[in-house]
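Comments concern the structure below.
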Amino acid sequence: MNSGNTAQSRPDEGPPPTDKTKMAIAGVLLLIPIVALLWVPSYARTEPELLGFPFFFWYQFLWVFICSALTFAAYRLTLSARGLTSHKVGEDR
């Protein structure tokens with residue numbers, strides 16, 4: 001018997017193995033809307049108008065949908081990087 005180390009580590013302890021490349025891509029996808037919307041001089045103008053709305057307003061509104069798509073893509077990449085791509089509803093991952 002080994003009395004010095006009674007606690008043995010289990011293989012399921014700790015963070016799951018991850019694909020660092022996919023995690024980096026997910027990070028970049030989340031960074032894109034931040035950079036695009038913080039770079040105000042790129043869209044601080046009124047032309048071109050869309051349905052009577054100045055460019056400044058419809059450009060920001062368009063980013064609501066773009067940001068949602070990029071966030072979903074980053075979420076799916078994160079799941080894929082951790083090997084959690086399929087599960088049933090109500091099932092622990």
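Computed over heavy atoms, backbone and side chain alike; hydrogens, waters and symmetry mates excluded. This is a predicted model, so every value here is computed, not measured.
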Between Tyr75 and Phe72, what is the ring plane arrangement, given parallel below 30°, perpendicular above 60°, and tilted in between? tilted
Chi angles and distances behind the side-chain contact (heavy atoms from CB on, under 4.5 Å) call for Lys22, Arg82: CA-CA 9 Å; Lys22 288 182 180 179; Arg82 293 183 178 165; over 6 Å; no
Show me the donor-acceptor pairs, under 3.5 Å and distance only, between side chains in residues 27-36 and residues at least two apart or in other chains.
none

Name all residues meeting the side chain to side chain donor-acceptor pair (under 3.5 Å) criterion together with Tyr59; count only those two or more places apart in sequence or in a different chain, and write none if there are none. Trp63
Starting at [atom1] of [X], measure out to [atom2] of [Y] and round the result to the nearest 0.5 Å.
X     : Y     : atom1 : atom2 : result
Arg45 : Phe55 : CZ    : CZ    : 4.0 Å
Ile66 : Leu62 : CD1   : CG    : 4.0 Å
Phe56 : Thr46 : CZ    : OG1   : 11.5 Å
Thr78 : Met23 : OG1   : CE    : 4.5 Å

Can you check whether Cys67's main-chain N or O pairs, donor with acceptor, with Thr71's side chain at less than 3.5 Å? yes
Donor-acceptor contact below 3.5 Å, side chain Trp58 vs main chain Pro48: yes
Heavy-atom distance under 4.5 Å between the side chains of Tyr43 and Gln60, does that happen here? yes
